Asker: 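Sharing a structure with you now.
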Amino acid sequence: MSERSEAGGVRTAPAIELIGATKRFRTPSGALHTAVRDLDLTVAQGEFVAVVGPTGCGKSTTLTLVSGLEEPTEGDVRVYGEPVRGIGAEVGFVFQQDAVFPWRTVLSNVMAGPRFRGVPAAEARERARDWLGRVGLAAFEDRYPHQLSGGMRKRVALAQTFVNDPTILLMDEPFSALDVQTRALMSDQLLELWAGTSSSRNAASVVFVTHDLDEAIALADRVVVMTAGPATVKEIFTVDLPRPRTVEAVRLEPRFVELYREIWASLGEEVRITRERGAGRAA
């Protein structure tokens with residue numbers, strides 16, 4: 001069972017553990033494809049971990065294993081010390097594509113999660129309006145998704161996720177489709193919302209998949225570099241930059257530049273391997 005302290009019921013087990021996790025898929029041709037191999041990773045409670053690696057190496061598969069959307073072929077995946085058995089109520093998932101109901105208003109979209117969990121309508125509406133206020137969309141609660149900009153839809157997605165009070169937050173390239181300026185603003189907003197989850201307990205534990213190394217360093221406590229597929233952990237780098245942070249300010253720090261060079265030296269090798277494999281197939 002998950003360990004808890006005598007006073008206050010605080011968990012002491014790691015938020016996330018992947019232990020020798022391997023995931024294989026059957027391809028349309030009938031062959032087996034290994035997406036993740038012998039992956040070991042621990043995420044502490046309240047920790048923000050960014051995962052980087054070459055395109056197609058298995059980063060997103062790692063998130064689906066933690067979320068319970070997929071089961072490992074071999075190895076173990078645990079949340080708070082317990083084996084993952086399906087999708088847990090404590091897990092929030094923000095996808096690359098907007099996961100909104102186009103026929104629902106902004107308010108109705110944010111209310112949906114609590115309502116599906118059995119929260120009475122009045123309470124769900126109050127919670128949804130609170131989170132829309134936090135993400136700066138209180139004046140847009142009656143709009144439909146198609147009436148919003150890309151950045152505004154992402155703010156709806158954040159409100160949809162945080163309204164359910166997740167203790168684990170999984171994010172799969174959530175800001176990749178945004179322009180540079182909006183992306184930086186969304187990253188700052190994410191850091192603000194994440195810090196706000198620690199008001200009554202530990203901050204949510206975050207696993208953030210991205211192709212943007214700048215973004216990974218600016219956001220995370222640790223950056224995990226994955227190998228060219230099948231993915232396993234190659235190296236883990238501690239981001240020793242002070243918090244609170246803003247993305248544009250932290251990028252000007254000399255230590256940020258040092259970290260970028262260190263991590264890219266590791267990541268760049270895996271990117272080159274992936275490109276060479278692709279060129280070989282094309283030939």
Side-chain angles (χ1 to χ4, degrees), residues 2 11 13-18 41 43-51 59-70 77-80 82 84-101 104 106-119 123-124 126-137 145 151-177 186-210 215-216 219-221:
S2 301
R11 294 180 169 104
I16 299 167
E17 296 173 279
L18 295 105
L41 180 63
V43 178
Q45 294 183 44
E47 186 177 24
F48 197 124
V49 172
V51 178
K59 301 184 297 297
S60 296
T61 299
T62 301
L63 292 187
T64 62
L65 292 176
V66 175
S67 70
L69 291 170
E70 298 279 356
V77 182
R78 300 174 186 170
V79 168
Y80 300 119
E82 298 286 350
V84 173
R85 298 284 186 263
I87 302 171
E90 295 173 310
V91 177
F93 208 135
V94 181
F95 297 92
Q96 183 174 359
Q97 301 298 323
D98 298 327
V100 295
F101 301 110
R104 288 178 179 256
V106 166
L107 179 62
S108 181
N109 265 289
V110 179
M111 286 178 59
R115 292 293 289 140
F116 290 155
R117 288 167 168 77
V119 175
E123 181 182 346
E126 181 180 357
R127 286 166 56 177
R129 282 180 168 150
D130 174 53
W131 277 102
L132 286 173
R134 296 193 203 191
V135 299
L137 291 177
M152 293 169 76
R153 287 195 298 272
K154 282 302 175 186
R155 283 189 269 165
V156 173
L158 291 179
Q160 281 179 307
T161 303
F162 280 100
V163 75
N164 294 313
D165 199 26
T167 58
I168 290 176
L169 182 58
L170 308 176
M171 309 189 78
D172 192 1
E173 298 189 69
F175 308 144
S176 61
M186 289 304 305
S187 295
D188 286 341
Q189 181 134 59
L190 171 61
L191 287 176
E192 183 179 342
L193 295 176
W194 170 66
T197 65
S198 63
S199 57
S200 59
R201 53 172 169 77
N202 285 336
S205 304
V206 182
V207 182
F208 188 101
V209 165
T210 179
E215 183 175 60
L219 292 173
D221 297 312

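Heavy-atom basis, side chains included; hydrogens, waters and symmetry copies ignored. Keep in mind the model is a prediction, meaning the values are calculated, not measured. For the single chain, residues carry numbers from 1 onward in sequence order.
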Asker: Can you tell me if Glu126 has over 12 outside heavy atoms packed within less than 6.0 Å of its CD?
Answerer: no
Asker: Is there side-chain contact between Val66 and Val91, with heavy atoms separated by less than 4.5 Å?
Answerer: no
Asker: Report the relative orientation of the aromatic rings in Phe175 and Phe208; use parallel for angles under 30°, tilted for 30 to 60°, perpendicular for over 60°.
Answerer: tilted
Asker: Just to verify, what does Ile87 make a side-chain contact (heavy atoms from CB on, under 4.5 Å) with, not counting sequence neighbours?
Answerer: Leu69
Asker: Are Leu169 and Phe93 side-chain neighbours, meaning at least one heavy-atom pair lies under 4.5 Å?
Answerer: no
Asker: Does some side-chain heavy atom of Trp131 sit less than 4.5 Å from a side-chain heavy atom of Val156?
Answerer: no
Asker: Atom OG1 of Thr62 and atom CG of Leu18: how far apart are they, to the nearest 0.5 Å?
Answerer: 6.5 Å
Asker: Are any non-hydrogen side-chain atoms of Val100 and Gln160 less than 4.5 angstrom apart?
Answerer: yes
Asker: Please report the closest heavy-atom contact between Phe101 and Asn109, naming both atoms and the distance.
Answerer: N-OD1, 2.7 Å
Asker: Could you tell me the separation between the CG atom of Leu193 and the CZ atom of Arg155, rounded to the nearest 0.5 Å?
Answerer: 10.5 Å
Asker: Can you tell me how far the OG atom of Ser60 sits from the CD atom of Glu173, to the nearest 0.5 Å?
Answerer: 6.0 Å
Asker: So, taking the atom named CE in Met186 and the one named CE in Met152, what distance separates them when rounded to the nearest 0.5 Å?
Answerer: 11.0 Å
Asker: Testing the basics here: between Ala124 and Met111, what is the closest heavy-atom pair and its distance to 0.1 Å?
Answerer: O-CG, 3.7 Å
Asker: Return the set of residues passing side-chain hydrogen bond (donor to acceptor under 3.5 Å, both in side chains) with Arg127 (not counting sequence neighbours), or none when no residue passes.
Answerer: none
Asker: Which atom pair, heavy atoms only, marks the closest approach of Ala159 to Val135?
Answerer: CB-CG2, 4.2 Å
Asker: Looking at residues at least two apart in the chain, or sitting in another chain, which of them share a side-chain hydrogen bond (donor to acceptor under 3.5 Å, both in side chains) with Gln189?
Answerer: none
Asker: So, applying side chain to side chain contact (heavy atoms under 4.5 Å, CB included) with Met171, which one of Val51, Thr161, Leu158 is it?
Answerer: Leu158
Asker: Taking all heavy atoms of Val84 and all of Leu65, pick out the closest pair and write down the distance.
Answerer: CG1-O, 4.1 Å
Asker: I'd like to check Val206 versus Val49 (side-chain heavy atoms, cut-off strictly below 4.5 Å). Are they in contact?
Answerer: no
Asker: Are side-chain N/O atoms of Gln96 and Ser176 paired as donor and acceptor at under 3.5 Å?
Answerer: yes
Asker: What is the ring orientation for Phe48 with Trp194, classed by angle as parallel under 30°, tilted 30 to 60°, or perpendicular over 60°?
Answerer: perpendicular
Asker: Identify, with sequence neighbours excluded, every residue that meets side-chain hydrogen bond (donor to acceptor under 3.5 Å, both in side chains) alongside Arg134.
Answerer: Asp130
Asker: Let's go through Phe162 and Leu190 carefully: what are the C-alpha distance in whole Å and the side-chain angles of both, what is the deciding distance for side chain to side chain contact (heavy atoms under 4.5 Å, CB included) to 0.1 Å, and is it a yes or a no?
Answerer: CA-CA 10 Å; Phe162 280 100; Leu190 171 61; 4.3 Å; yes
Asker: Main chain of Ala13, side chain of Gln45: is a donor-acceptor contact present, judged purely on distance under 3.5 Å?
Answerer: yes
Asker: Are the side chains of Ser187 and Leu219 in contact, using a 4.5 Å heavy-atom criterion?
Answerer: yes
Asker: Using the side-chain hydrogen bond (donor to acceptor under 3.5 Å, both in side chains) criterion, which residues pair with Thr210? Sequence neighbours excluded.
Answerer: Glu215
Asker: Supply the atom-to-atom distance Leu170 CG to Ile16 CD1, rounded to the nearest 0.5 angstrom.
Answerer: 6.0 Å
Asker: Write down the atom of Pro166, the atom of Gly92, and the distance for their closest heavy-atom approach.
Answerer: CB-N, 3.6 Å
Asker: With sequence neighbours excluded, tell me which residues meet salt bridge (Lys or Arg N to Asp or Glu O under 4.0 Å) with Asp221.
Answerer: Arg243
Asker: When you compare the side chain of Arg129 with that of Leu107, does any pair of heavy atoms fall below 4.5 Å?
Answerer: yes
Asker: Please find the pair of heavy atoms, one from Val163 and one from Val110, that lie closest to each other, and give the distance.
Answerer: CG1-O, 3.5 Å
